[in-house]
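Order of listing sets the numbers, starting from 1, for every ligand and every atom in it.
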Amino acid sequence: MNDSTKPRPPRAFPLSLERLAPAAQRAPVPSRQEPAGGRATPVAAAARSVVAKAPAGVLLRPQRPLHEAAQDRARHATPAGIGLDSELVRQRMVQKLRALGVRDEQVLSAMQRVPRHLFVDTALANQAYEDTSLPIGLQQTISKPSVVARMLELMLGGRGPQPLPRILEIGTGCGYQAAVLALLGRQVISVERLKPLHDKSRELLRSMRIDNLRLVWGDGMLGHGPNAPYDGIVSAAGGEALPPAWLEQLAVGGRLVAPVVRGGGQVIVLVQRTETGFVRSEHEAVHFVPLKSGTT
Ligand code: SAH
């Protein structure tokens, strides 16, 4: 399906919120303000039932809310005339990602759907679909689209349209990648150590009504034990080494992708867990914010 000679247009996600669940069943984005090692309740029952019924690849209920949120925010927050709520702007971004070699149709479809401009500061919204990282406050950055795509492509490993059962993200930041992940997995946990960023992304993601995503305020170096093991783990912050908890919480058959310090820079490291152990490979050089321990 990843035929490099015949690129296909991104797959449409045709279901609307209403077709998946009546309004009364909608649940807000759950949040746990607790250390990552602490207890977390399972995904809301409503979310579970929706996810169970949803066809593969159609896991983010709010096709319509995402779009509505985009329109609302664009009306209030973006300079007139930019038209960032337009599908076309994102289509161009996805075309550029294809040109840069991204082949995974699931990743491309998800990035086509998530309104990246809503996750950055109004003043930066007109750069949201350029292939550039942008500041999100507290000295943190949203990764550039090509790096997000590459990391997620590595995490999926060409598995096709079947969603990953459980994904852990370390470093929620502004919540953009978490929203993309919610389209790629049945259940997504995203951990952020900085409370203001956790709170801000929770508010935005709540407005998008993404039911299969749980945000946790905690130290992601500890992973998130209560929902382990994970079929995919992706870190948006790079440390000197991979924290042991991530390897422990990786399911057999699972794939972990993280930036790790190498020499004066960082490289993407992929770890695949097999029946007998871990297979590690190193990929391109990257530049992520540092992985830090503790919460603040
Ligand atoms: N995926 C994010 C990228 C945010 S930048 C996005 O789409 O915006 C990386 C984030 O990792 C920062 O917000 C930083 O605070 C967070 N981080 C760094 N170390 C962490 C840790 N130990 N646990 C959780 N989050 C961490």
Side-chain angles (χ1 to χ4, degrees), residues 31-38 40 93 107 110-111 113-121 124-125 127-129 131-152 154-155 167-185 188-205 208 210 213-225 227 230 232-246 249 256-261 266 268 286-296:
S31 168
R32 285 287 167 268
Q33 297 173 10
E34 62 184 29
M93 178 186 78
V107 171
M111 293 181 71
R113 282 183 58 184
V114 178
R116 192 169 188 266
H117 64 287
L118 299 185
F119 292 85
V120 298
D121 195 78
L124 300 170
Q127 294 176 58
Y129 296 103
D131 196 27
T132 180
S133 58
L134 294 169
I136 54 172
L138 301 174
Q139 299 172 315
Q140 307 304 317
T141 52
I142 178 175
S143 307
K144 60 182 180 177
S146 59
V147 171
V148 172
R150 179 64 179 142
M151 300 283 281
L152 300 187
L154 278 173
M155 186 187 72
I167 300 176
L168 173 68
E169 178 190 44
I170 291 91
T172 314
C174 66
Y176 170 73
Q177 182 171 274
V180 175
L181 287 171
L183 288 163
L184 301 173
V188 178
I189 309 290
S190 181
V191 186
E192 172 58 55
R193 64 182 288 275
L194 298 178
K195 185 75 162 49
L197 287 181
H198 165 80
D199 287 344
K200 197 172 169 194
S201 58
R202 182 186 53 181
E203 194 188 325
L204 177 58
L205 291 165
M208 295 180 177
I210 304 175
L213 171 60
R214 178 176 298 282
L215 303 182
V216 176
W217 174 46
D219 181 359
M221 286 183 77
L222 306 173
H224 188 67
N227 293 87
Y230 300 97
I233 299 181
V234 60
S235 174
E240 295 288 332
L242 295 173
W246 298 357
Q249 293 174 19
L256 153 62
V257 184
V260 175
V261 171
Q266 294 171 338
I268 300 178
V286 281
H287 187 72
F288 279 80
V289 297
L291 182 70
K292 295 186 175 172
S293 61
T295 57
T296 171

Per-atom filter on ligand 1: closer than 4.0 angstrom to a heavy atom of Met221 are 22 (N)
Contact region, Ala237 to ligand 1, non-hydrogen atoms below 4.0 Å, reads side chain
Near Thr172 (heavy-atom distance under 4.0 Å), the atoms of ligand 1 are 1 (N), 2 (C), 6 (C), 8 (O)
Residue, atom and distance of the protein heavy atom nearest atom 4 (C) of ligand 1 read Thr141 O, 3.3 Å
Nearest heavy-atom approach of Ser235 to Pro259 is O-CD, 3.3 Å
Quick note on ligand 1: atoms under 4.0 Å from a heavy atom of Val289 include exactly 5 (S), 9 (C)
Within 4.0 Å of some non-hydrogen atom of Leu197, the atoms of ligand 1 are 13 (O)
Review point. Mind checking whether Val216 and Ile189 have side chains closer than 4.5 Å, heavy atoms only?
Key: yes
- Message: Using side-chain heavy atoms (C-beta onward) and a distance below 4.5 Å, is Ser143 in contact with Phe288?
- Response: yes
If you scan protein heavy atoms around atom 15 (O) of ligand 1, the nearest is Glu192 OE2, 2.6 Å
Counting C-beta onward and ignoring hydrogens, is there a side-chain heavy-atom pair between Phe119 and Leu205 closer than 4.5 Å?
yes
Q.
Quick check: do Glu192 and Ser201 have side-chain heavy atoms less than 4.5 Å from each other?
A. no
Filtering Lys195, Arg193, Lys292, Gln139 for the heavy atom nearest atom 24 (C) of ligand 1 leaves Arg193
Working for side chain to side chain contact (heavy atoms under 4.5 Å, CB included), residues Asp219 and Arg193 = CA-CA 5 Å; Asp219 181 359; Arg193 64 182 288 275; 5.5 Å; no
Smallest heavy-atom separation, Val289 atom then Ala236 atom, equals CG2-O, 3.9 Å
Fill in: Short N or O distance, Ser293 and ligand 1, threshold 3.5 Å exclusive
no
Contact check, side chains of Lys200 and Ile136, non-hydrogen atoms, under 4.5 Å: no
With heavy atoms and a 4.0 Å threshold, my read on which part of Ala178 contacts ligand 1 is neither
If you compare Gly171, Pro243, Gly173 by their heavy atoms, the one closest to atom 1 (N) of ligand 1 turns out to be Gly171
Heavy atoms of Ile210 and Ala182 approach each other most closely as CG2-CB, 3.4 Å
re atom 23 (N) of ligand 1, the protein heavy-atom contact at minimum distance is Gly220 N, 2.7 Å
Checking heavy atoms under 4.0 Å, the part of Leu194 that sits near ligand 1 is side chain
Measuring from the heavy atoms of Leu138, does anything fall under 4.0 Å of ligand 1? no
Is there side-chain contact between Met155 and Ile167, with at least one heavy-atom pair below 4.5 Å?
yes
Looking only at protein heavy atoms, what sits closest to atom 12 (C) of ligand 1 is Gln140 OE1, 3.2 Å
In ligand 1, the atoms that come under 4.0 Å of a heavy atom of Leu291 are 19 (N), 20 (C), 21 (C), 22 (N)
- Ser201 near ligand 1 by a heavy-atom separation under 4.0 Å: no
The atoms of ligand 1 lying under 4.0 Å from a heavy atom of Glu169, numbered in the order shown, are 1 (N)
When distances are taken from atom 7 (O) of ligand 1, the protein heavy atom at minimum range is Gln177 N, 3.2 Å
Nearest non-hydrogen contact to atom 9 (C) of ligand 1 from the set Pro135, Gly294, Ala236 belongs to Ala236
Residue pair Val114 / Met208, side-chain heavy-atom distance below 4.5 Å | no
- How about Leu215 and His198: do any of their side-chain heavy atoms sit closer than 4.5 Å? yes
